[in-house]
Amino acid sequence: MTVRTRFAPSPTGFLHIGGARTALFSWAYAKKYSGKFILRIEDTDVERSTPAAVQAILDGMAWLGLDYDEGPFYQMQRMETYEKVLQTMLDAGTAYYCYCSKEELETLRETQMQQGLKPRYDGRWRPEVGKTLPQAPQDIQPVIRFKNPQTGMVAWDDLVKGRIEISNEELDDLIVARADGTPTYNFCVVVDDFEMGITQVIRGDDHVNNTPRQINMLIALGAKIPQYAHLSMILGDDGQKLSKRHGAVSVMQYHEDGYLPEAVLNYLARLGWSHGDAEIFNMQQFCEWFDLDHITPSAAQFNTEKLNWLNAHYIKEINISLLASDIRARLQANRIEPSGASFLNNILTLYRERANNLNQLAKDIAYFYTRPTPSAEDIEKYITPEIMPAMQKLQQLLSNIEWTAETIHHEISAVVAEFSLKFPKVAMPLRVMITGTAQSPSIDQVMDLLGKEETLARIQKYLSVCT
RNA sequence: GUCCCCAUCGUCUAGAGGCCUAGGACACCUCCCUUUCACGGAGGCGACCGGGGUUCGAAUCCCCGUGGGGACGCCA
């Protein structure tokens with residue numbers, strides 16, 4: 001049987017890191033077994049679902065490169081199917097109308113909670129042989145409830161958590177259709193997973209409690225039960241649960257924050273899953289290695305430091321022209337127009353070794369395109385009056401050479417020797433004058449790249465001021 | 001409250017009874033490299049939640065605690 005997995009987000013917000021990992025694992029599982037990965041948008045909550053959120057999810061998946069074989073299917077466009085199944089269940093007696101009002105249910109819940117009981121529907125409208133149902137009130141639009149078995153046990157072998165058994169006594173008759181006739185989540189999931197032939201349901205473990213209900217409905221429909229794999233949640237950097245007001249950010253935020261999708265993907269893959277000691281691997285390797293046996297059942301805390309490390313790795317590894325086009329966009333966002341493709345490539349070749357963030361990288365190389373303003377502290381610390389004679393001499397020597405990193409280095413060394421200085425004594429002021437900061441790659445290489453004219457002009461600026 | 005899940009270095013994890021005086025990675029510390037900052041290289045610090053069993057032998061299996069999390073919607 002071919003593997004069919006799905007990712008089924010509800011479009012009530014952006015694609016966050018937890019959802020992205022769920023999607024990644026489902027995607028990888030399908031890829032590993034040459035199966036199909038299906039995208040299904042669960043938009044039955046009309047109140048909270050928005051087209052913008054749908055787009056955000058699509059964008060997030062596209063950025064990560066998580067492509068789907070079928071879909072996106074929208075549940076709101078499948079109403080006819082749900083209604084048909086609902087009618088079948090009503091006819092078969094596995095579902096029934098319930099005329100309880102919301103208020104009635106609310107008081108029921110409250111009393112049960114007060115008595116220390118698990119709040120659940122008491123089955124007052126549940127038809128039973130030999131039981132007389134109350135008179136249906138005229139003013140209430142009924143909901144439809146699923147007639148859950150009252151005895152026995154539901155069990156499944158969770159691919160992540162192992163065997164889970166839940167007594168049917170813990171379950172109640174859940175609402176499958178609202179008073180307005182629209183079907184609810186648990187019901188739609190069941191119908192869709194069944195009809196779409198999903199073989200492995202890989203989802204967040206906040207759904208383990210829904211699983212027994214869904215299995216019971218699947219049984220009632222005579223469907224084959226898929227395998228379930230419940231992924232534990234991802235906690236924030238501080239160990240706290242991710243929520244809208246705390247830490248939960250869109251995966252696209254990582255793009256904005258200067259991360260490569262390769263890094264995010266590799267990081268996410270390694271969060272809750274492992275392959276021995278493997279830390280760095282691409283998606284092709286991941287798909288080959290991926291399995292459900294090596295997923296940790298416990299929650300994982302997000303660690304930005306490690307993401308940064310992976311980001312640094314991929315900034316070094318990625319194809320230079322891909323890197324250049326990304327950095328070009330970031331420079332332009334800062335109103336810097338990078339001239340000359342090969343110039344940018346050369347700069348990046350020099351700088352990518354030391355970067356772990358694309359925004360920082362773009363910022364660090366900005367001085368190649370626009371003259372920098374060093375901080376007052378750096379000027380005071382490095383561009384001292386005592387060093388000026390040496391700088392004067394260097395400027396003079398540099399203006400007469402053929403411009404290469406080697407020749408530049410040679411002249412700096414000459415000045416260092418002539419004035420009996422240490423190399424950094426000359427290199428540091430140069431660095432500040434040229435790059436605007438006290439940190440950069442080898443200054444001779446920087447000068448070489450910047451070009452003779454511009455370099456000499458930047459040095460001259462300080463010589464003029466001080467003389 | 002009831003039910004369910006989880007528990008190895010600060011963090012992500014390896015570990016499916018002996019290979020474990022518990023391995024790797026991030027972070028941290030030291031040293032090396034060095035033209036500053038990084039990168040890189042070499043070391044170091046650092047964990048099996050507690051208590052009972054089972055067993056010749058337990059991080060691994062069982063039970064009980066404890067701690068954390070989740071679910072109990074006409075949300076998904």
Side-chain angles (χ1 to χ4, degrees), chain A residues 8-12 42-45 47-49 75 98 100-102 105-106 109 112-120 141-145 158 160-162 164-167 169-172 174-186 188-189 204-212 230 232-233 235 237 239 241 267 270-280 293-294 296-310 312 316 351-356 364 382 409 412-413 416 422-428 430-432 435 437-445:
Chain A
S10 65
T12 54
E42 311 217 320
D43 53 358
T44 53
D45 184 354
E47 300 281 302
R48 296 194 300 154
S49 297
Q75 290 187 322
C98 168
C100 284
S101 66
K102 286 186 184 181
L105 259 16
E106 191 51 46
R109 257 194 292 273
Q112 284 168 331
M113 285 286 247
Q114 268 165 22
Q115 291 167 359
L117 297 169
K118 185 172 185 160
R120 31 177 295 186
Q141 271 296 320
V143 299
I144 301 174
R145 286 184 184 271
D158 197 278
V160 173
K161 297 187 186 282
I164 299 178
E165 296 180 339
I166 285 156
S167 168
E169 288 171 31
E170 295 296 330
L171 275 23
D172 63 358
L174 75 159
I175 292 170
V176 288
R178 304 180 179 92
D180 66 3
T182 56
T184 59
Y185 165 75
N186 275 109
C188 295
V189 167
D205 73 355
D206 46 332
H207 287 294
V208 292
N209 292 278
N210 290 324
T211 307
H230 287 101
S232 58
M233 42 185 294
L235 272 21
D237 235 333
K241 187 191 171 181
Y267 179 73
R270 213 30 211 79
L271 196 60
W273 175 84
S274 60
H275 183 77
D277 289 341
E279 292 288 350
I280 292 176
D293 301 335
H294 291 83
T296 334
S298 55
Q301 193 170 315
F302 195 88
N303 185 223
T304 306
E305 299 284 0
K306 192 161 178 178
L307 208 212
N308 289 341
W309 171 69
L310 281 166
K316 290 190 192 84
Y351 262 85
R352 71 194 309 196
E353 289 297 317
R354 49 202 298 115
N356 71 359
D364 286 347
Y382 297 110
H409 190 270
I412 298 175
S413 298
V416 163
K422 296 269 194 219
F423 198 98
K425 256 311 192 206
V426 177
M428 288 311 291
L430 271 180
R431 205 181 315 271
V432 172
T435 74
T437 72
Q439 293 89 243
S440 84
S442 289
I443 195 61
D444 45 15
Q445 293 189 55

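To find a chain, count down the sequence lines: A is the first, B the second, and so on, and within it residues start at 1. The basis for the numbers below is simple: all heavy atoms, side chains too, and nothing from hydrogens, waters or symmetry mates.
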Practice task
Please state how far atom OH in A:Y185 lies from atom P in B:C72, giving the value in whole angstrom units.
Solution key: 11 Å
Handout entry: Distance below 4.0 Å between A:T12 side-chain N/O and B:A76 OP1 or OP2
Key = no
Exercise for the section: Tell me which nucleotide among B:U35, B:U2, B:A76 gets nearest to the side chain of A:P424. Expected result: B:U35
Practice task
Mark yes when over 12 heavy atoms from residues, nucleotides or ligands other than A:E165 sit less than 6.0 Å from its CD; otherwise mark no.
Solution key: yes
Completion exercise
With the side chain defined as heavy atoms from C-beta on, A:N303 is closest, among B:A71, B:C26, B:C39, to B:C26
Fill in the blank from the handout: Testing B:C74, B:G70, B:G24 for proximity to the side chain of A:D277, the answer is B:G24
Practice task
Using only heavy-atom distances, decide whether a donor-acceptor pair under 3.5 angstrom links the side-chain of A:R120 to the base of B:U2.
Solution key: no
Practice task
With a 3.5 angstrom cut-off on both distances, give the Watson-Crick or G-U wobble partner of B:C33, or none if there isn't one.
Solution key: none
Handout entry: From A:L307, A:T304, A:N308, residue fulfilling side chain to side chain contact (heavy atoms under 4.5 Å, CB included) relative to A:Y267
Key = A:L307
Problem - Phosphate OP1/OP2 of B:U36 contacted by A:S440 side-chain N/O (<4.0 Å) - result: no
Handout entry: Upstream residue (5' side of RNA chain B) when A:A355 and A:S298 are each assigned their closest nucleotide
Key = A:S298
Exercise for the section: Indicate, with a heavy-atom threshold strictly under 4.0 Å, whether A:A300 touches base, sugar-phosphate, or nothing. Expected result: sugar-phosphate
Practice task
May I ask you to decide if A:S298's main-chain N or O and A:T296's side chain share a donor-acceptor pair within less than 3.5 Å?
Solution key: no
Practice task
Please tell me which of the listed nucleotides, B:U35, B:G1, B:U13, lies nearest to the side chain of A:K118?
Solution key: B:G1
Exercise for the section: Starting from C1' on B:U11, measure out to CD on A:Q301 and report it in whole angstrom. Expected result: 6 Å
Practice task
Would you please confirm or rule out a distance under 4.0 Å between OP1 or OP2 of B:G70 and any side-chain N or O of A:H230?
Solution key: no
Exercise for the section: Using a heavy-atom cut-off of under 4.0 Å over every strand shown, decide if A:L271 touches base, sugar-phosphate, or nothing. Expected result: sugar-phosphate
Problem - A:Q301, CD atom: more than 12 neighbouring heavy atoms under 6.0 Å - result: yes
Exercise for the section: Please check if the side chain of A:T435 supplies one atom and the backbone of A:T437 the other of a donor-acceptor pair under 3.5 Å. Expected result: yes
Practice task
Decide whether A:H409 and A:S442 meet the rule of one side-chain donor and one side-chain acceptor closer than 3.5 Å.
Solution key: no
Exercise for the section: Kindly say if A:K241 contacts the phosphate of B:G70, meaning a side-chain N or O under 4.0 Å from OP1 or OP2. Expected result: yes
Handout entry: Rounded interatomic separation in angstrom, taking OH from A:Y351 and P from B:U36
Key = 15 Å
Exercise for the section: Calculate the interatomic distance between A:I280 atom CD1 and B:U13 atom C1'; express it in whole Å. Expected result: 15 Å
Exercise for the section: With heavy atoms under 4.0 Å as the rule, sort A:G272 into base, sugar-phosphate or nothing. Expected result: sugar-phosphate
Practice task
Take A:H409 and A:N209, find for each the nucleotide of RNA chain B with the closest heavy atom, and name the residue whose nucleotide sits nearer the 5' end.
Solution key: A:H409
Problem - Sugar-phosphate, base or nothing in reach of A:N210, heavy atoms under 4.0 Å - result: base
Exercise for the section: Whole angstrom is fine here: how far is it from CG in A:N308 over to C1' in B:C39? Expected result: 15 Å
Handout entry: Nearest to side-chain heavy atoms of A:E305, which nucleotide of B:C26, B:A76, B:U35
Key = B:C26
Exercise for the section: Scan A:K422 against the nucleic acid and name what it touches under 4.0 Å (heavy atoms): base, sugar-phosphate only, or nothing. Expected result: nothing
Practice task
Would you indicate what A:P9 reaches in the nucleic acid, counting non-hydrogen atoms under 4.0 angstrom: base, sugar-phosphate, or nothing?
Solution key: nothing
Exercise for the section: For A:K102, answer base if it contacts any base atom (sugar-phosphate contacts may also be present), sugar-phosphate if it contacts only those atoms, and nothing otherwise; contact means non-hydrogen atoms under 4.0 Å. Expected result: base
Handout entry: Nearest-neighbour nucleotide for the A:M233 side chain, B:C39, B:G70, B:U36 considered
Key = B:G70
Exercise for the section: Determine: side-chain N/O of A:R270 to OP1/OP2 of B:A25, distance under 4.0 Å, yes or no. Expected result: no
Problem - Rounded distance (Å) that lies between atom P of B:U11 and atom CH2 of A:W309 - result: 18 Å
Problem - Residue A:N186, side-chain heavy atoms: nucleotide from B:A76, B:U2, B:G70 that is nearest - result: B:A76
Problem - Selected nucleotide, minimal atom distance to A:K306 side chain, candidates B:A25, B:U36, B:A76 - result: B:A25
Practice task
Would you mind classifying the nucleic acid contact of A:C100 as base, sugar-phosphate or nothing, using non-hydrogen atoms under 4.0 angstrom?
Solution key: base
Exercise for the section: Answer yes or no: is there a donor N or O on one side and an acceptor on the other, between the side chain of A:D43 and the main chain of A:Q75, under 3.5 Å? Expected result: yes
Practice task
Can you tell me the pairing partner of B:A7 across any strand shown, Watson-Crick or G-U wobble, with both distances under 3.5 angstrom?
Solution key: B:U66
Handout entry: Short side-chain to backbone donor-acceptor contact, A:E42 and A:Y185, under 3.5 Å
Key = no
Practice task
Could you tell me whether A:D444 contacts a base, only the sugar-phosphate backbone, or nothing, with contacts defined as non-hydrogen atoms closer than 4.0 Å?
Solution key: base
Practice task
Please state how far atom NZ in A:K161 lies from atom C1' in B:A7, giving the value in whole angstrom units.
Solution key: 12 Å
Fill in the blank from the handout: Rounded to whole Å, the CZ-P distance (A:F302 to B:C12) equals 12 Å
Exercise for the section: Select one nucleotide: of B:U36, B:U13, B:A25, the one nearest the side-chain heavy atoms of A:E279. Expected result: B:A25
Handout entry: B:G1 - base-pair partner by Watson-Crick or wobble geometry, distances under 3.5 Å
Key = B:C72
Exercise for the section: Looking at every strand, decide which applies to A:P119 at a 4.0 Å heavy-atom threshold: base, sugar-phosphate, or nothing. Expected result: base
Problem - Side chain of A:V208 (C-beta onward), nearest among B:U35, B:A76, B:C4 - result: B:C4
Problem - Distance, P atom - from B:U13 to B:G65, rounded to whole angstrom - result: 28 Å
Practice task
Please determine if a side-chain N or O atom of A:T44 lies less than 4.0 Å away from the OP1 or OP2 oxygen of B:A76.
Solution key: yes
